[in-house]
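So the structure is just underneath, and the comments pick up after that.
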Amino acid sequence: MKPSIPKGTRDFSPTEMVKRNYIFDTIKQVFQRYGYLPIETPAMENLQTLMGKYGEEGDKLIFKIIDSGDFIKNAKDSLGEGFNFASSGVISSHISEKALKYDLTVPFARYVVQHQHEITFPFKRYQIQPVWRADRPQKGRYREFYQCDADVIGSNSLVNEVELVQLIDDVFTKLNVPVLIKINNRKILSGIAEIIGEKEKIVTITVAIDKLDKIGVDGVNKELQENGVSDSAIEKLQPLISFQGSTLEKLNFLKQLLGNSEIGLKGIEEVEYIFKTVDSLGLNTAKTELDITLARGLNYYTGAIFEVKSNAGTFTSSICGGGRYDDLTGIFGLPNMSGVGISFGADRIYDVLNELNLFPESVAASTKLLFVTFGEAEQNYCLPLLAQARKAGINSEIYPDAGAKMKKQMGYADDKKIPFVVIVGSDEMLNGMLTLKNMTTGEQAKITIDSIIEELK
RNA sequence: GUGGCCAUAGUUCAGUUGGUUAGAAUAUCGGUUUGUGGUACCGAGGGUCGUGGGUUCGAGCCCCAUUGGCCACCCCA
């Protein structure tokens, strides 16, 4: 049998893990600086917890876990004798009650409701875990990937939104990636749908507008028409999607256009506050932009929405995204609990850093000292010295096979990029003067174990 | 869910209009050197050419199917 792993999943080598941990550590450090604390939730959730939260497309991409035991019998019991295997869609809900989590936000909402009596609000949590999507893999898209989420729930304040923008800026400044943070507000999109008289079609309209930079104005109009949006509504939409200008000009333009929409004006007010406050505080390296064509597919967003793209390299997909959701917890029985959060896509950030060569040269050297011996007697002599070195906090190891040739042991050190080697043979054992070799310079010296520890500490 | 490209050693790839025993580089292991790595030289192992079928005297090469990979659309991190 040929060894293989499922489509869209990957193994990570030690070198890759060192790089990945660099990203995780950087993000974690910034999260903590902003007062977020970690939680973890299971890899799987009850299917009902996840279904219906991500829109029609999203629901299709949830990995369902088949029930253990005789699921055919179970399905028969609940569906009756006459059920038809051909309609797998019908039986799937009868043979699966668990699913792999699709994102971290919905399980977080479930967590908040389930643990509401242990939580002090506003609750700020971060979470770095894998999620799974049954998407078809391609560049920057995996079926198993890590999200790094920071969310605050139980606070309506726009200060949270402002802080998240700063947090994004901090993370990418530390990682040396120049980014563009696109900001919009679902309320503005609602306002637009309202004033063009197609309130019901808001999802269709936002999805179409979102594609503007890819398919152009004509493409958007065509898609709207095909989806039953009236011609007069499309006409009213034109000035909006073709408008160019600075954030300030966009805001003024929107104020005029959405003057009759209460929700639209609310959205403008929120966006204006976020931009003004962020501007007055200043950002390190990130650029911001109001993008009224930014929609985002996840159904649960109701207020501000964010999307972050790299400004350098060929990687154009978003590497971070988020927004405000007013009622994710309502469905689990805890209404009026607004939250806002963002999610960093660690795997895509990895791809960006790799392409731009932005990983630091020597991220965390592993072993610092290797004991090379010539036989069992030497090995026995070295074991206590090895323990002594470890106790002193020096990452060290001994070549485990006592009889191995020196060339082999040295090669091992070289391959693992171990900077120092201690060579111990009969001479060394006689007087305790060990041979310490610096693998970078090739220099050797006779020296005691205590001096070695002192030097490498 | 729709479309395009690809599949030969652990890895990256050669392989002539279809013709004998499928090659190289690199990695691995061994040796030159049983107290010295990163260099050099020599040698070894490693492939039912993704899988199944077809055409042919003969298929790694042509045809069909299937699986897997990459990429684009959709959607998204």
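Residue T435(A) places its side chain closer to U36(B) than to any other of A72(B), U36(B), A77(B). Ranking C71(B), C74(B), G35(B) by closeness to the K139(A) side chain, first place goes to C71(B). Among U36(B), A77(B), A72(B), the nucleotide with an atom closest to any side-chain atom of I423(A) is U36(B). Distance from the side chain of Q444(A) is smallest to U36(B) among C74(B), U36(B), C71(B).
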Report all side-chain donor-acceptor pairs from residues 368-376 of chain A shorter than 3.5 Å, counting only partners two or more places apart or in another chain.
residue: K368(A); atom: NZ; partner: L456(A); partner atom: O; Å: 2.7

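Not a single donor-acceptor contact under 3.5 angstrom links the side-chain atoms of E57(A) to the base of G1(B). Between the base of G69(B) and the side chain of R136(A) there is no donor-acceptor pair shorter than 3.5 Å. In terms of polar N and O atoms assigned as donor or acceptor, the side chain of R133(A) never comes within less than 3.5 Å of the base of C75(B) in a complementary pairing. For a distance-only test at 3.5 Å, the side chain of R348(A) qualifies as a donor-acceptor partner of the base of C76(B).
Rounded to the nearest Å, the gap between the C1' atom of G37(B) and that of A22(B) is 36 Å. If you take atom C1' in G43(B) and the same atom in C6(B), they sit 36 Å apart, rounded to whole Å. As rounded to the nearest Å, C49(B) and G3(B) have P atoms that lie 30 Å from one another. A distance of about 16 Å separates the P atoms of U66(B) and C5(B), rounded to the whole Å. Straight-line distance between the P atoms of U39(B) and G23(B): roughly 28 Å, to the nearest whole Å. Using atom C1' as the reference point in both G47(B) and C63(B), the two lie 25 Å apart (nearest Å). Here, U48(B) and A59(B) have their C1' atoms 14 Å apart, quoted to the whole Å. The separation of U36(B) from A27(B), taken at their P atoms, amounts to 22 Å, rounded to a whole angstrom.
Although no hydrogens or angles enter the test, the distance criterion places a donor-acceptor pair under 3.5 Å between the side chain of N185(A) and the main chain of K187(A).
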For this session: Scan nucleotides 37-44 of chain B nucleotide by nucleotide, 5' to 3', and note B when protein non-hydrogen atoms come under 4.0 Å of the base, S if they reach only the sugar-phosphate, - if neither.
Result: BB------

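Atom CG of L180(A) sits about 9.5 Å away from atom CD of E307(A), to the nearest 0.5 Å.
Remark: G3(B) base-pairs with C71(B); criterion is Watson-Crick or G-U wobble with both hydrogen-bond distances under 3.5 Å.
The nearest whole Å value for the distance from the CE atom in M429(A) to the P atom in G35(B) is 13 Å.
Within the nucleic acid shown, G140(A) comes within 4.0 Å of at least one base atom, counting heavy atoms only. If you check every strand for non-hydrogen atoms under 4.0 Å, C320(A) touches sugar and phosphate atoms only. Contacts of I319(A) with the nucleic acid, taken as non-hydrogen atoms under 4.0 Å apart, involve only primed sugar atoms and P, OP1 or OP2. Residue Q409(A) is out of contact with every strand shown, counting any heavy-atom pair closer than 4.0 Å. Using a 4.0 Å heavy-atom cutoff across all strands shown, Y142(A) reaches at least one base atom of the nucleic acid. Looking at heavy-atom distances under 4.0 Å, E144(A) makes no contact with the nucleic acid at all. Using a 4.0 Å heavy-atom criterion, one finds that T105(A) contacts no nucleic acid atom at all.
The residue among F374(A) and S318(A) whose nearest nucleotide of RNA chain B is located toward the 5' end is F374(A). Across the interface with RNA chain B, nearest-nucleotide mapping of R141(A) and K446(A) shows K446(A) to be the residue nearer the 5′ end.
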Problem set entry | K124(A)/E163(A) under salt bridge (Lys or Arg N to Asp or Glu O under 4.0 Å): CA gap, chis, key distance, verdict | CA-CA 12 Å; K124(A) 299 175 88 170; E163(A) 281 208 345; 3.5 Å; yes

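Here the closest heavy-atom approach between residue Y22(A) and residue T26(A) is recorded as O-OG1, 2.6 Å. Nearest approach of G341(A) to Y325(A), heavy atoms of both residues: N-CE2, 4.2 Å. Shortest non-hydrogen contact noted between A295(A) and L189(A) is CA-CD1, 4.0 Å.
In this structure, Q138(A) does not reach the C70(B) phosphate: none of its side-chain N or O atoms is under 4.0 Å from OP1 or OP2.
Ionic pairing of K437(A) and E443(A) is not present here: no N-O contact between side-chain nitrogen and carboxylate oxygen is shorter than 4.0 angstrom.
Applying the salt bridge (charged side-chain N to carboxylate O under 4.0 Å, His left out) test to R10(A) and every residue at least two apart in sequence or in another chain returns D347(A).
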